[in-house]
Amino acid sequence: MSATSSVRRTFSGAQPTGQLHLGNYLGAIRNWVHEQSQYESYFCVVDLHALTIPQDPRELHAATLRTAALYIASGIDPDRATVFVQSHVGAHAESTWLLNCLTPMNWLERMIQYKEKAVKLGEDVNIGLFDYPVLMASDILLYQPHVVPVGEDQKQHLELARDIARRFNDRFGETFRLPEPLIRKEGARVMSLQDGTTKMSKSDPSDLSRINLLDTADDIRNKIKRAKTDAVLGLTFDPARPECYNLLTIYQILSGESPEAIESQFAGVGFGKFKPLLTEVVVEFLKPIQTRYREVTAEPGHLEAILRDGAIRAGQVAGETLGNVRQKLGLLAPL
Ligand code: ATP
Ligand code: LTN
């Protein structure tokens, strides 16, 4: 498939670390579900990215299957979209080496996610963490996608992928399509329940900071009860009240009500009244996802078959682009 093909494609992925949370769902996965009907879609469990921070091997193995199952449970239809595991398609790692040799160090030194994670990890920073965005660029560019649906935090990485693609095309001739980020404003940045100024994240050490898609009703009740709030009476979408803004936004997206209706409903109310209602909305929203998750994982071999099939389909597309890249670079074809 060349960059000029008329097939509209989308590609995205999430790391199998911990389990997916409401931020992942609202910022990314729910958009994938929407996109799959309009695009030829590739959704990847990016296990090689997870290795950039120390992982327990058994947990990584379990989290890879869990993440794939959660894609399906969230509404990704494996008959429409290709669901696969990154490390099952060797082209991702090979292409990363090739693109590494074109990417200036200082492009990577500017990456905010690297800088933030490096500070947290101290001495544990490895080259993979630094190189993370080039692996991500490979993931994307190999599939020639038109759009890449992600949360706000990934915008800079997408710009880098475009820069790498542009540089390759300039030097070696038109090869990669420059993908557009697809960042839906609503839900693009769901914040931690413990701090309305930092994003909800799988790697936050406090589980109270996030609502996981597989949390029980009791977990959810407890987390929302203990969520940080302010002392102002009356709930509003006021960016100066980050915790209030975040909880109302979650309520708004999950309930489907308009911001105006929500503000008027909660104008004279405090968090004590609001929190049980939010709990109910979240619990009800997650129920069908959790039921579907149990179904997907109950049938032995079902998920494995989806991933096996996905890797074959993904491998064909990625292999074609990689072959083209190798040829453009002047690498001798295998004899
Ligand atoms: P980690 O904390 O381990 O880096 P993460 O929670 O950021 O993980 P990823 O697997 O890196 O999750 O992200 C998967 C997708 O979810 C990406 O498209 C990312 O932009 C999106 N995403 C992650 N966190 C949020 C959030 N808080 N709000 C909206 N979107 C998010
Ligand atoms: N870095 C992304 C995960 C990711 C991704 C991708 C997203 C890896 N490769 C390709 C979109 C397209 C993150 O969410 N942390």
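What you see below is based on every heavy atom in this structure, not just the backbone, and it leaves out hydrogens, waters and symmetry mates. Everything quoted here is computed from the prediction, not taken from an experiment. In what follows, residues are counted from 1 in the order of the sequence shown. Read the numbers this way: they start at 1 and go in the same order the structure lists the ligands and their atoms.
- Nearest protein heavy-atom neighbour of atom 12 (C) of ligand 2: Ile140 CG1, 3.6 Å.
- The backbone N or O of Thr17 sits nowhere less than 3.5 Å from a side-chain atom of Gln55 that would complete a donor-acceptor pair.
- Aromatic ring orientation, Tyr132 versus His157: tilted (interplanar angle from 30° to 60°).
- At a heavy-atom distance under 4.0 Å, only backbone atoms of Arg189 (N, CA, C or O) approach ligand 1.
- Counting only heavy atoms of the protein, atom 12 (O) of ligand 1 lies nearest to Asn24 ND2, 3.1 Å.
- For ligand 2, the polar-atom distance check against Asp139 finds a nitrogen or oxygen pair separated by under 3.5 Å.
- Note: an N/O pair closer than 3.5 Å links Gln154 and ligand 2 by distance alone.
- Looking at Thr17 against ligand 1, only its side chain comes within 4.0 Å, counting heavy atoms.
- Of the options Ala28, Ser203, Ala14, Ser12, the smallest heavy-atom separation from atom 14 (C) of ligand 1 is shown by Ala14.
- No part of Asp153 comes within 4.0 Å of ligand 2, judged by heavy-atom distances.
- Residue Met191 does not touch ligand 1, judged by heavy-atom distances below 4.0 Å.
- Taking all heavy atoms of Gln154, Lys199, Glu152 into account, the minimum distance to atom 5 (P) of ligand 1 is reached by Lys199.
- In this pair, Phe130 and Tyr114 present their aromatic rings perpendicular. The plane angle is above 60°, beyond the 30 to 60° band.
- Put simply, OG on Ser87 and NE2 on His92 are 9.5 Å apart, with the number rounded to the nearest 0.5 Å.
- At least one donor-acceptor pair closer than 3.5 Å links the side chain of Asp230 to the backbone N or O of Val232.
- When non-hydrogen atoms are compared, ligand 1 lies under 4.0 Å from the side chain of Lys117 (C-beta onward) but not from its backbone.
- The closest approach between any non-hydrogen atom of Asp153 and ligand 1 is below 4.0 Å.
- By the 4.0 Å N-to-carboxylate-O rule, Glu94 lies close enough to Arg326 to be salt-bridged with it.
- Not a single heavy atom of Gln113 sits less than 4.0 Å from an atom of ligand 1.
- With rounding to the nearest 0.5 angstrom, the CD1 atom of Ile76 is 7.5 Å from the CD1 atom of Ile29.
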